[in-house]
Structure formats: C-alpha cells, structure tokens
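FYI, the numbering just counts along the sequence from 1. Ligands are counted one by one from 1 in listed order, and the atoms in each one are counted from 1 as well. Below, each value reflects all heavy atoms present in this structure, side chains not excepted, and no hydrogens, waters or symmetry copies. This is a predicted model, so every value here is computed, not measured.
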Amino acid sequence: MYYIKVNRTFTRKYYDGGSNRMSMKYPEFPDDVTYTPIGEILSSRVKGNVKLRGWIYRTRSSGKLAFVIIRDSTGIIQCTVSKNNVDKSDFVNAGKALVESSVVLDGLVVADERAPGGFEIRATSFNVVHFAEAFPITKDQSDEHLLNNRHLWLRSRNMVSALKIRSTVFKAFRDYWQNLDYTEIQSPSFTTSACEGGSTLFNVHYDDETEKSGQKFYAHLSQSWQLYAEASMFGLENIFTVAPSFRAEKSRTRRHLTEFWHAEVEAAWTHNHQMMEFEEGMIVYIIKKVLEENRSELEQLGRDISVLENIKAPFDKMKYEEVIDKLNSMGFDLAWGDDFGYKEEKALTQNLKSPVYITNFPREKGFYHRPDPSDPKSLVCHDLLAPEGYGEIIGGGERVWSPDELVERIREEGLEPESYGWYLDIRKFGSVPHSGFGLGLDRTVSWICGSDHIKHVIPFPRTMRRTTP
Ligand code: 4AD
Ligand code: MG
C-alpha cells in the first residue's frame with residue numbers, strides 16, 4: 001500500500017507499506033506557511049512582511065538590483081531583489097531566472113506610485129522553485145502562434161481574466177435556474193437524431209469488435225440537448241443543462257466554434273412569451289453577477305463597463321418581418337424566408353446598447369417550433385441578439401406539442417418521421433404546451449468581455465481547422 005498526500009504548501013509525503021516510511025519535501029518548504037495572494041496586497045488588505053509564491057511575469061536586472069514582476073492567479077506585483085538584502089545565491093538566481101520560472105519569496109510590502117498597481121515588494125529572500133526554459137511566447141505574436149501555444153498562453157493576463165468571467169457566467173446561469181427550482185439533467189452526446197438540420201452534423205463511426213459479424217455503428221455528435229430535454233421534461237417539468245454541443249460549421253466567423261458550451265432550458269406548461277421573460281431575467285442576473293465579481297477582470301480586458309451597467313429588462317422586441325424591412329432599408333436585399341447570418345446581425349446590433357429579441361420567424365426555421373395559430377406562416381419562437389455587433393446568443397421558442405402536427409412538420413421539412421420514433425412517442429402520452437431555449441455560453445462570455453473573437457474566451461477552442469492543443 002502506498003499513497004501520496006499533497007497539501008497546499010507543497011509538502012509531499014510518501015508512505016511505503018508502513019515499513020519504509022519516508023517523508024520528502026518538495027522542495028524545502030515548511031508546511032505551516034501562509035502565502036499571501038497578490039490581489040490582497042494590491043487591494044491594500046495586507047501590509048508588512050509577506051510570503052509570496054507565483055511565476056515570473058517580467059524581469060530585468062541592473063548591477064545590484066533585479067526588478068522581477070511576479071504573477072499569481074490574482075494579480076501582478078513588482079518585486080525588487082537587492083544584492084544587499086538577500087543571500088548571494090538568491091540574488092544570482094533572481095538575475096538568472098527567465099520569465100515563467102516559479103518562485104517563492106519573502107519581502108516587505110511598500111507603497112510605490114511608480115510600481116504597477118501602486119505597491120512593490122522588497123525581497124528578503126528569493127527562491128527559484130523551477131528555472132523555466134526560454135518562453136516561446138513573447139510580444140507581438142501572431143494569432144496562429146498563440147493558438148499553437150494555447151497550453152502556455154492560458155497563463156496570460158487576458159486569458160486568466162476572460163476565464164474568470166466565464167466561470168462567473170456558468171455559475172450565474174446555474175444559480176438563476178436552480179433558484180427557480182429547475183432541475184439540472186444531462187443528455188447524451190452520441191445520438192442519431194438531428195435537432196438543428198443535417199448540414200452541421202458531425203458523424204462518428206465505430207466497429208463493434210465484440211460482434212463476430214463485425215457490425216459497424218454510427219452516430220452523430222449532439223447539436224443540442226433539446227429533443228432529450230423534451231422527453232425528460234415530462235417527469236421533471238422544469239429542467240436545464242450545461243454541456244458541449246457540436247456543429248460542423250462551415251462558416252468561419254468570430255462567433256463560431258465546432259464544439260461550444262450550450263446552456264439549455266426546457267419547461268412544461270410554459271408559453272414562448274413567459275420563457276422570454278425568464279430569459280431576460282437570466283441575462284440581467286448574469287451581468288449583475290459579473291459586475292459584482294469581475295470588475296478588475298473587465299478592466300484588464302478594456303471592457304466599456306458602462307454598457308453592462310445599463311442593461312435592464314424588458315428588452316426591445318422586433319418581428320422577423322420588421323427586421324427584414326429594417327435591414328433592406330440599410331442596403332441588404334432580403335426576402336421573407338431568408339435566414340440572417342453574422343453580417344446581418346452585426347449591422348442590426350452594432351449601434352445597440354442593449355439586447356433585442358427577434359420573434360415570429362418563418363416556418364423554415366425548424367421543425368420543432370410551433371407555428372403561430374393566428375399566422376401559420378410564422379413560428380412562436382425567438383432569438384435574442386446581443387448588442388454592440390455581437391448578434392445571436394439565444395435561440396428558443398414554444399414547441400409543437402400536438403402529435404399529428406409534429407408529424408406534419410417533420411414531413412414538411414423533408415425529414416422522415418420514422419427517424420424520430422421516440423421523439424414522436426413522447427407526444428402520445430399526455431402532451432402539454434412547453435417552451436425552451438439554448439444560450440451559447442461562449443458567445444455570451446465573448447460579448448460580456450467585449451472580445452473581438454470567441455476563441456479568446458474558451459480555454460482550448462475547437463474550429464473546423466483546429467483540434468490541438
Ligand atoms: O439557435 P440554436 O441552433 O438553437 C438550438 O440549438 C435549440 N435547439 C436550443 C433550444 O431551444 N434548446 O443554438 C442556440 C445557441 C445560439 O443562439 C448560439 O448562441 C449558440 O447556441 N451556438 C453557437 N455558439 C458557438 N458556436 C456555434 N457554432 C454555435 N451554434 C449555436
Ligand atoms: Mg439559432
């Protein structure tokens with residue numbers, strides 16, 4: 001028997017069968033030490049002598065003094081290592097250690113206007129835990145280089161800020177629906193039913209090697225949990241999920257990923273307009289939480305925070321046909337039935353400061369949307385478009401809930417009712433009006449961060465041309 005215990009202060013203890021007991025420190029750090037997060041110093045909560053640990057962010061030295069900027073997950077701070085104040089070897093190492101070397105140090109916090117953040121640390125000891133090799137990312141690197149080195153670029157200030165905001169957005173989404181007593185449930189990623197049309201389906205093939213027949217199986221990767229949500233809804237009534245969805249997107253735009261994070265909601269006994277009100281509340285809640293938790297990250301990213309502060313429900317609403325007229329008056333040439341792409345949504349939203357709903361889309365939008373009983377050429381559904389040129393972040397609406405109408409709609413879209421067997425089956429046993437939506441989390445974070453591309457807000461972006469690192 002053998003186990004390893006790792007605690008927060010880097011002490012590792014190895015026990016070997018109880019007989020050969022040994023204790024190894026890695027490296028020589030005492031395990032009863034409190035380290036101060038840099039953010040605590042910058043916000044003036046900690047003064048005097050501190051112990052820090054982190055990585056070298058920038059470094060330069062001259063004669064008797066090394067200026068080393070240290071970063072941890074909470075901020076960056078300048079540290080001066082003077083030949084007169086530390087051991088000789090500490091001074092030599094401080095001068096030698098390259099960017100991204102990991103360090104542990106002691107020092108005195110001193111207010112200094114010239115230092116970034118207004119404080120600096122005068123080191124009294126400076127230990128290099130690991131000397132980094134030459135870091136492959138320096139100033140002014142191409143996007144391609146940064147993407148190839150994404151595993152390292154994740155340490156950058158902007159990535160860290162975006163990922164903290166992303167975490168707040170995910171949590172706020174969950175909290176909002178949990179507070180409304182919705183239940184979180186999961187659906188499979190392997191499926192054989194297309195939810196959002198065939199053109200963006202990823203196919204997966206595999207052989208069943210346990211079968212002598214050498215049978216081949218195939219499936220698609222899920223584009224949306226929706227069909228499974230509609231089945232699960234009959235038991236749980238009000239549900240949500242947070243999961244990846246997959247789309248073989250031909251369009252290479254600043255808002256398309258092939259694997260994106262999809263936050264979806266489905267509710268029984270709920271109409272389209274009610275779901276739209278819940279969604280407005282959700283967007284306002286998510287933004288409120290980001291403003292509470294992530295002001296410094298928004299500042300780091302250069303976001304115009306006043307836009308976020310001014311977002312209030314209710315949001316403006318436009319019908320599809322009004323949008324067509326508006327876009328045509330701006331020089332587009334659109335007819336009833338045409339879909340909007342990024343170009344159209346950008347034009348429509350770039351001067352807006354608040355999200356806008358588009359409702360009453362034409363029937364072609366999807367087989368599962370419920371046609372409007374008072375105007376059957378359009379659907380009881382909606383998209384929500386983020387302002388400032390970002391465009392669609394939500395697609396949702398009321399579902400066809402009559403079994404016969406659903407078969408008719410599937411045929412109308414050129415699909416085969418046979419391939420929707422179980423989905424049709426759920427309509428046969430006590431069908432009810434219901435509505436739901438999908439929120440693109442990466443797009444939402446991209447908008448909230450004011451990012452110019454969706455790839456800047458997801459740790460390892462996946463596109464048609466990128467599956468690594
Ligand atoms: O509008 P969509 O296609 O709607 C659905 O999938 C519904 N079945 C959802 C539902 O009602 N449960 O996708 C929903 C949202 C979009 O508004 C967009 O924000 C995001 O998912 N999305 C993407 N985000 C990043 N990259 C892509 N390729 C995306 N495709 C959709
Ligand atoms: Mg959509």
Would you please say whether a donor-acceptor pair under 3.5 Å links the side chains of [X] and [Y]?
{"X": "T241", "Y": "Q186", "result": "no"}
{"X": "Q223", "Y": "T200", "result": "yes"}
{"X": "S374", "Y": "D372", "result": "yes"}
{"X": "E196", "Y": "Y368", "result": "yes"}
{"X": "N158", "Y": "H456", "result": "no"}
{"X": "W336", "Y": "E321", "result": "no"}
{"X": "E230", "Y": "H434", "result": "yes"}
{"X": "T138", "Y": "Q141", "result": "yes"}
{"X": "N294", "Y": "T168", "result": "yes"}

Would you mind checking which non-hydrogen protein atom is closest to [atom], with the distance to 0.1 Å?
{"atom": "atom 17 (O) of ligand 1", "value": "E392 OE2, 2.6 Å"}
{"atom": "atom 15 (C) of ligand 1", "value": "G438 O, 3.6 Å"}
{"atom": "atom 19 (O) of ligand 1", "value": "I393 O, 2.8 Å"}
{"atom": "atom 18 (C) of ligand 1", "value": "R443 NH1, 3.6 Å"}
{"atom": "atom 14 (C) of ligand 1", "value": "H262 NE2, 3.3 Å"}

Give the numbers and elements of all ligand 1 atoms closer than 4.0 Å to a heavy atom of [X].
{"X": "Q226", "answer": "7 (C), 8 (N), 10 (C), 11 (O), 12 (N)"}
{"X": "R255", "answer": "25 (C), 26 (N)"}
{"X": "I394", "answer": "17 (O)"}
{"X": "R399", "answer": "10 (C), 11 (O), 12 (N)"}

**Fill in**
Logged contact type for E196 with ligand 1, heavy-atom cut-off 4.0 Å, is side chain
**Item:** ligand 1 contacted by D442 (non-hydrogen, < 4.0 Å)
**Value:** no
**Asked** Applying a strict 4.0 Å limit to heavy atoms, is E266 in contact with ligand 1?
**Response** no
**Request:** Specify which N/O/S atom of E392 comes nearest to the Mg ion (ligand 2), by atom name.
**Result:** OE2
**Message:** Which residue in the set F190, F234, W422 passes ring pair (Phe, Tyr, Trp, His ring centres under 6.0 Å) when paired with Y228?
**Reply:** W422
**Item:** Per atom 2 (P) of ligand 1, closest listed option by heavy atom (H369, E230, E249, R247)
**Value:** R247
Just distances here: any N/O of [X] and N/O of ligand 1 closer than 3.5 Å?
{"X": "E264", "value": "yes"}
{"X": "I454", "value": "no"}
{"X": "F260", "value": "no"}
{"X": "L257", "value": "yes"}

**Atom of R363, atom of P376 and distance for their closest heavy-atom approach** = NH1-O, 2.7 Å
